[in-house]
Number of protein chains: 2
Amino acid sequence: MNKKVSGSKNVTIKDVANKAGVAVSTASMALNNKPTISSDTKNTVLNVARDLGYHPTAAARALVDGKSSNVGLLIPVKVDSLFFSTGFFQKLIAGMNRAANEGGNMISLQIVESREETERVITEAYRTKNVSGSIITHPTQEMPYLDVINEVSYPVVFLGEPPRNFPYVDNDNYGVTKLATEHMIEHGHKRIAFLGGPKNLIASEARERGYRAALEQEGIEVQRRLIWRSRHDEQMAYQEVMNEAGKVEFSAICISVEEQMAGVYRALRDLGKSIPDDVALITIGDCQLAEHINPSMTTLDLHTEDLGYLAAKKLIRLINGEERQDSEIVSADLIRRQSCGCNTINGGDKSKLKVRNSSV
Amino acid sequence: MNKKVSGSKNVTIKDVANKAGVAVSTASMALNNKPTISSDTKNTVLNVARDLGYHPTAAARALVDGKSSNVGLLIPVKVDSLFFSTGFFQKLIAGMNRAANEGGNMISLQIVESREETERVITEAYRTKNVSGSIITHPTQEMPYLDVINEVSYPVVFLGEPPRNFPYVDNDNYGVTKLATEHMIEHGHKRIAFLGGPKNLIASEARERGYRAALEQEGIEVQRRLIWRSRHDEQMAYQEVMNEAGKVEFSAICISVEEQMAGVYRALRDLGKSIPDDVALITIGDCQLAEHINPSMTTLDLHTEDLGYLAAKKLIRLINGEERQDSEIVSADLIRRQSCGCNTINGGDKSKLKVRNSSV
DNA sequence: GTGAAAGCGCTAACAG
DNA sequence: CTGTTAGCGCTTTCAC
């Protein structure tokens, strides 16, 4: 077979039909694997198509069935707290990309800086049909464009729980923090600090509730002084710990997001505290640094790649009308390393670490 | 059965033409600002379109003029050295997005994990015309798919200099390192270490040459022992410095990429060296951490957002046949902070020192 | 100047 | 089962 790529001329379905000696519609149906075509002709057509290097033109197909194969990833950059993430978006996109590939879709970036722009982008996506639906990150309490989405029934899947009844994919923010805090308690700690995120983030609030619940469940009093908050970055986490650590006694910290991890290490080092002997640590969210830092960090792996995968998968099904608008929670795994006191050797306990390829 | 949206039927150009009392072709020409239409009818049409919330369907337009409005960002994830970047992709995408918005384009993600996949993605982009061209990151020496690109004249712009004669946008890797090293020399340092990147990266090699050139220019002997190399991440940079620092004397380090910065700080701290008194530092590439870390880091701002902007702008012009295939170098600015010894107060001196002008 | 009509490549009716 | 045909929404000749 000659896999010669014919330089300039575009191979259309007509060419395939001609070469295969069938009608265009037959070719079309064969290529789309319709049951009404005999497997003989189906094979013939498929072979000819492969030989000719035929690929259906996206525009023509989109024009016919009224929707494109592009799915949007809508990111409000103003919510920069997560955008400086060590690997969140990489993993997320890796997962989305995998789902998109499976469905023959492609991810289009919809980066917006304001509510007006968000509304414009969604409206245009709906009108131009260049993007058939979107995964929207970082839902906040005020999202006036939700009305627009509803009005035109634009398919969306949120990453994180949105204020209204839209489909979303998320971790169990309450549950993961509860589990993390419980793990500290299992290690015998009573005075456990919680380093949370900004108050206006919905996930931050849920994670704090999980922390409280774990303490209350064990009859440990929740102390205001032990609840700290910082922006999701190294520097702010460092400052918060430096500010608060002197005001109260504690033997463990539950760190609410991985971006804060490095700052906590730096602060404890500057304060002359050793990990995990003086202060034990656990962090919500796993990353490369957690594995390589010394001592290695015990984390809850939130399976962010799965999050992206499921979100995209759900969106594509939604677009294809294959699914009703429900939501999904991604599980988390505890990865025991050194910072909590579980292991003394470096590298940690990989027993619960699922093998995951290509974390982008 | 698909559920039909009751109120918001799709607004087509026909609706606009009808409402405006003109023919479809007139409406089309008016909307596309053709000179053959009287400004009176042009205004009428434009107003009606706005009132109706008309947006041209992407697929129909793409079908007619044989290309879509999507531009690809092709990222080979196997080259993960830069993908763990603290902010490179964020800035890059921000710039690309700005350019795309200006041209009415949208960025599509083309994430590939192997050469075969790269070839497949490019071929499909060309065949399906869902993506009209691509910005390709991380060119390496072996890129067999370049043949495919050439064969079908698929428009591409590389980020970084590719092996063959393709258009690209890049920083002056040689120049920036030379400037950085010169700055250390100006501070009186003679024994300057260079922490480079993996040997197989084209940019790494150029940056090392810049370092050598600066030393040679001042008659300072280049010492093998002072040339270090590590992967572009915190951990590997840390280890490399820990391994090499004891074997040789040095009073300054020129750090080749921002991802290595935190590792160098950590290593120097563990080695009991103070910055900048024992060891002065300068880093190629600016980032948030450089500003916030203590002492703050003197850097060369590579204007990564401009890089993305120019790359996308160039690609779009290429797609539209408005530009020949030339390349472009983005200038860099020296940002003087504390780590080099320029400033004692925090915050740094923003006075800018250009390396090289971009030709745009 | 403006309006009718011919496709762009594909899918899905409807005949054969 | 297969072939013919009518559009999807838009741009762009061509006549008027």
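Naming convention: chains lettered A, B, ... in sequence-line order (proteins, then strands); numbering from 1 in each chain.
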Under 4.0 angstrom between [X] side-chain N/O and [N] OP1 or OP2:
{"X": "A/T41", "N": "D/dC1", "value": "no"}
{"X": "A/R61", "N": "C/dT11", "value": "yes"}
{"X": "A/K34", "N": "C/dA12", "value": "yes"}
{"X": "A/T26", "N": "D/dG3", "value": "yes"}

Is a side-chain N or O of B/S134 found less than 3.5 angstrom from the main chain of B/I136, in a donor-acceptor match?
no
Please tell me which of B/A60 and B/G21 maps to the more 5' nucleotide of DNA chain C, matching each residue to the nucleotide holding its nearest heavy atom.
B/G21
Can you identify which nucleotide, out of [options], has its nearest atom closest to the [X] side chain?
{"X": "B/T57", "options": "C/dG3, D/dG9, D/dT11", "value": "D/dG9"}
{"X": "B/V24", "options": "D/dT11, D/dT2, C/dC8", "value": "D/dT11"}
{"X": "A/S25", "options": "D/dT4, C/dT2, C/dT11", "value": "D/dT4"}
{"X": "A/Y54", "options": "D/dG9, D/dC10, C/dC10", "value": "C/dC10"}

Can you establish whether the number of heavy atoms outside B/N165 located under 6.0 Å from its atom CG is more than 12?
no
Is a side-chain donor-acceptor pair under 3.5 Å present for A/N47 with A/R50?
yes
Toward the 5' end of DNA chain D, which comes first, A/V64 or A/T36, by nearest nucleotide?
A/T36
Whole-Å gap separating [atom2] ([N]) and [atom1] ([X]):
{"X": "B/N10", "N": "D/dC8", "atom1": "CG", "atom2": "P", "answer": "11 Å"}
{"X": "A/L52", "N": "C/dG9", "atom1": "CG", "atom2": "P", "answer": "14 Å"}
{"X": "B/I37", "N": "D/dT12", "atom1": "CD1", "atom2": "C1'", "answer": "12 Å"}
{"X": "B/M29", "N": "C/dG3", "atom1": "CE", "atom2": "C1'", "answer": "11 Å"}
{"X": "B/L31", "N": "D/dT11", "atom1": "CG", "atom2": "C1'", "answer": "11 Å"}
{"X": "A/L63", "N": "D/dC10", "atom1": "CG", "atom2": "C1'", "answer": "8 Å"}
{"X": "B/R127", "N": "C/dC8", "atom1": "CZ", "atom2": "P", "answer": "17 Å"}
{"X": "B/I13", "N": "C/dC8", "atom1": "CD1", "atom2": "P", "answer": "19 Å"}

Answer yes or no on whether B/K129 is positioned over the face of B/Y126, meaning its NZ or CZ is under 6.0 Å from the six-membered ring centre and within 45° of the axis.
yes
With heavy atoms under 4.0 Å as the rule, sort B/S38 into base, sugar-phosphate or nothing.
sugar-phosphate
When we call it a touch if two heavy atoms are under 4.0 Å apart, what does A/D65 touch: a base, just sugar-phosphate, or nothing?
nothing
Under 4.0 Å between a side-chain nitrogen and a carboxylate oxygen: does that hold for A/R164 and A/D147?
yes
